[in-house]
Peer 1: 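Can you read through this structure? Questions will come right after.
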Number of protein chains: 2
Amino acid sequence: MLHYSNYCTLQYCQEMASRLTTSSYAVLGLLAIRPWAAYELAQQATRSLRFAWPKSERLLYAEPKKLVEHGLATALQESVGQRNRTMYTITDEGRAALQGWMTTSPQPPLLEAEALLRLLFAENGSIDDLAAALDEMAADAAEKRSQVVTINTGYLDGLHPFPQRTHLSVLFATFQLEFFDLIVKWVGFAKTEIATWPATGGLGMTERTEAILNNIKDQRSVLESPPTIP
Amino acid sequence: MLHYSNYCTLQYCQEMASRLTTSSYAVLGLLAIRPWAAYELAQQATRSLRFAWPKSERLLYAEPKKLVEHGLATALQESVGQRNRTMYTITDEGRAALQGWMTTSPQPPLLEAEALLRLLFAENGSIDDLAAALDEMAADAAEKRSQVVTINTGYLDGLHPFPQRTHLSVLFATFQLEFFDLIVKWVGFAKTEIATWPATGGLGMTERTEAILNNIKDQRSVLESPPTIP
DNA sequence: ATTCGATACTGCATGCTGCACTATTCAAAC
DNA sequence: GTTTGAATAGTGCAGCATGCAGTATCGAAT
């Protein structure tokens, strides 16, 4: 005779609620705006959170289930013709948990930029390889910048899906724009810099590098005061 | 009838060399500078790549093994007293692979910022919660900025561990500094903005928000031309 | 003599991603 | 009128990545 009284049987494991992550609260934050179907949630999170908390669609399907396990949301099966969809709604406990989370310390920002890795290891490739990597980084930023501008100017024409949230979206957008601008401008600077290099490797402390370091020492932005050495 | 002659049996899977990721090339790039022990590699990658490609120490122990499986590096067991350590050295195939990687397209940059998530969901907390989250983001950026300044001004005194690579480190540092500066400056702007809010939620299209949107529409930086409405 | 921090890793549970896959609905092109 | 393609609405699984705990040695300071 089998007992599952006090340890982790297969059944129990499957019911174990895994811990809430920042991604869980990201989804909970969306649910605080209105109820969403899992599919909508995945789309919306991808669109609206992609520049603050970029997560895979796959995860965004899993998170609401976890919220239900924790009692922070409820799931409701709806039928549209032959097809089902699951609507998720935040609970009072969910709103309380979200409020609690807002008082905690956020993790520090994390930037992952493969193009910058190419710069650090540039001596293993050509000047053109490096320039191409930087160009792609700038092109991507310029593209995203223009998307943000398009979306946000639409808000002036009343196109915000949740008008009462406009002040939040717009303040967030100011960060995105400054960030993408920085990338475009810095790539411009970096490309004029590498254009003066005879090769990618072995240069060491050039006169221009020394000039940049003196800027850094004196807390001057190199974008505003680029080195003037020929 | 089933045959497993040319497919993935359990044994075969365990010996399968898993595919090379960007992190593999990050480690390979370090090995191109000089041979390293696994522990040194983990330390060095954490220190020097943390702002371009932040990866866990755990992963940095696993990557060199993968490089050996692929023939891009060799491992040598050294004995220091009773204790072993594994030295990894890049192979010619490793240098070739790294050169090949330099010609490929980098992934677009990825930014993960929990504090910005707090801004988007600010209506679920107090003005103080939001201000605290932004302050922490700025404090973290200011701290990292000063670390970068310290390290780099040291290069003026000949403290670069690989002097021939100074031009690369310094150009990379200019990005880091501009990025951390942006965070500090933007938080300053955002905090003056939220200081005008009577509450976190329900404000929608305020006059100041409209002024910011007009800035965005006209491609003016909000940091340089903040809204002048009281 | 002991304690503390640095060196030098490994194992495991869990988190997260990418890809492949299923299946329905609707609209437009042929 | 039917085929085709895109959007809707997801699930399963392999494999990549992280955090944490644990093991053990070594050198320097108290």
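Here is how names work: the chains are called A, B, and so on, in the same order as the sequence lines, proteins then strands, and each is numbered from 1. What's counted below: heavy atoms across the whole structure, side chains too, no hydrogens, waters or symmetry copies.
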Peer 1: Is there, by distance only and without an angle test, a donor paired with an acceptor across the side chain of A/Arg83 and the base of C/dT25 below 3.5 Å?
Peer 2: no
Peer 1: Could you work out which one of D/dT18, D/dA9, C/dT10 sits closest to the side chain of B/Ser56?
Peer 2: D/dT18
Peer 1: Figure out the CG/C1' separation between B/Asn84 and D/dT23, and round it to whole Å.
Peer 2: 14 Å
Peer 1: Under 3.5 Å, is there any donor-acceptor pair linking the side chain of B/Arg58 to the base of C/dG11?
Peer 2: yes
Peer 1: Counting heavy atoms from C-beta on, name the nucleotide in C/dC9, D/dG10, C/dT25 closest to the side chain of B/Ala38.
Peer 2: C/dC9
Peer 1: Using the side-chain heavy atoms of A/Ala37, tell me which of these nucleotides is nearest: C/dG15, D/dG10, C/dT17.
Peer 2: D/dG10
Peer 1: Between D/dG10 and A/Thr86, is there an OP1 or OP2 to side-chain N/O distance shorter than 4.0 Å?
Peer 2: yes
Peer 1: Looking at B/Lys65, does any N or O in its side chain come under 4.0 Å of the phosphate oxygens OP1/OP2 on C/dT10?
Peer 2: yes
Peer 1: Between C/dT14 atom C1' and A/Leu59 atom CG, what is the distance in whole Å?
Peer 2: 13 Å
Peer 1: From C-beta outward on B/Ser23, which listed nucleotide comes closest to its side chain: D/dA17, C/dC16, D/dG10?
Peer 2: D/dA17
Peer 1: Between B/Lys55 and A/Glu112, is there a side-chain N and carboxylate O pair less than 4.0 Å apart?
Peer 2: yes
Peer 1: When you measure from the side chain of A/Thr91 to the backbone N and O of A/Leu72, does any donor-acceptor pair fall under 3.5 Å?
Peer 2: yes
Peer 1: What is the distance from CD of B/Glu112 to C1' of D/dT18, rounded to the nearest Å?
Peer 2: 12 Å
Peer 1: Closer than 4.0 angstrom, basic N to acidic O: yes or no for A/Asp181 and A/Arg145?
Peer 2: yes
Peer 1: With heavy atoms under 4.0 Å as the rule, sort B/Glu63 into base, sugar-phosphate or nothing.
Peer 2: sugar-phosphate
Peer 1: Figure out the CD/P separation between A/Glu40 and D/dG10, and round it to whole Å.
Peer 2: 9 Å
Peer 1: Would the distance check show the side chain of A/Lys66 and the main-chain N or O of A/Arg19 forming a donor-acceptor pair, the cut-off being under 3.5 Å?
Peer 2: yes
Peer 1: Which listed nucleotide (D/dC26, D/dA17, D/dT11) is nearest to the side chain of B/Gln82?
Peer 2: D/dC26
Peer 1: Any side-chain N or O of B/Thr21 under 4.0 Å from OP1/OP2 of D/dC16?
Peer 2: no
Peer 1: Quick one: A/Gln43 CD to D/dA6 P, roughly how many Å, whole number?
Peer 2: 16 Å
Peer 1: Side-chain N or O of A/Tyr39 less than 4.0 angstrom from OP1 or OP2 on D/dT8?
Peer 2: yes
Peer 1: Expressed in angstrom and rounded to an integer, what is the separation of B/Leu41 atom CG from C/dC9 atom P?
Peer 2: 10 Å
Peer 1: What class does the angle between the rings of B/Phe179 and B/Phe175 fall in, given that below 30° is parallel, 30 to 60° is tilted and above 60° is perpendicular?
Peer 2: parallel
Peer 1: Whole angstrom is fine here: how far is it from CZ in A/Arg19 over to P in C/dT14?
Peer 2: 11 Å
Peer 1: Find the distance B/Tyr25:OH to D/dC16:C1' and express it as a whole number of Å.
Peer 2: 15 Å
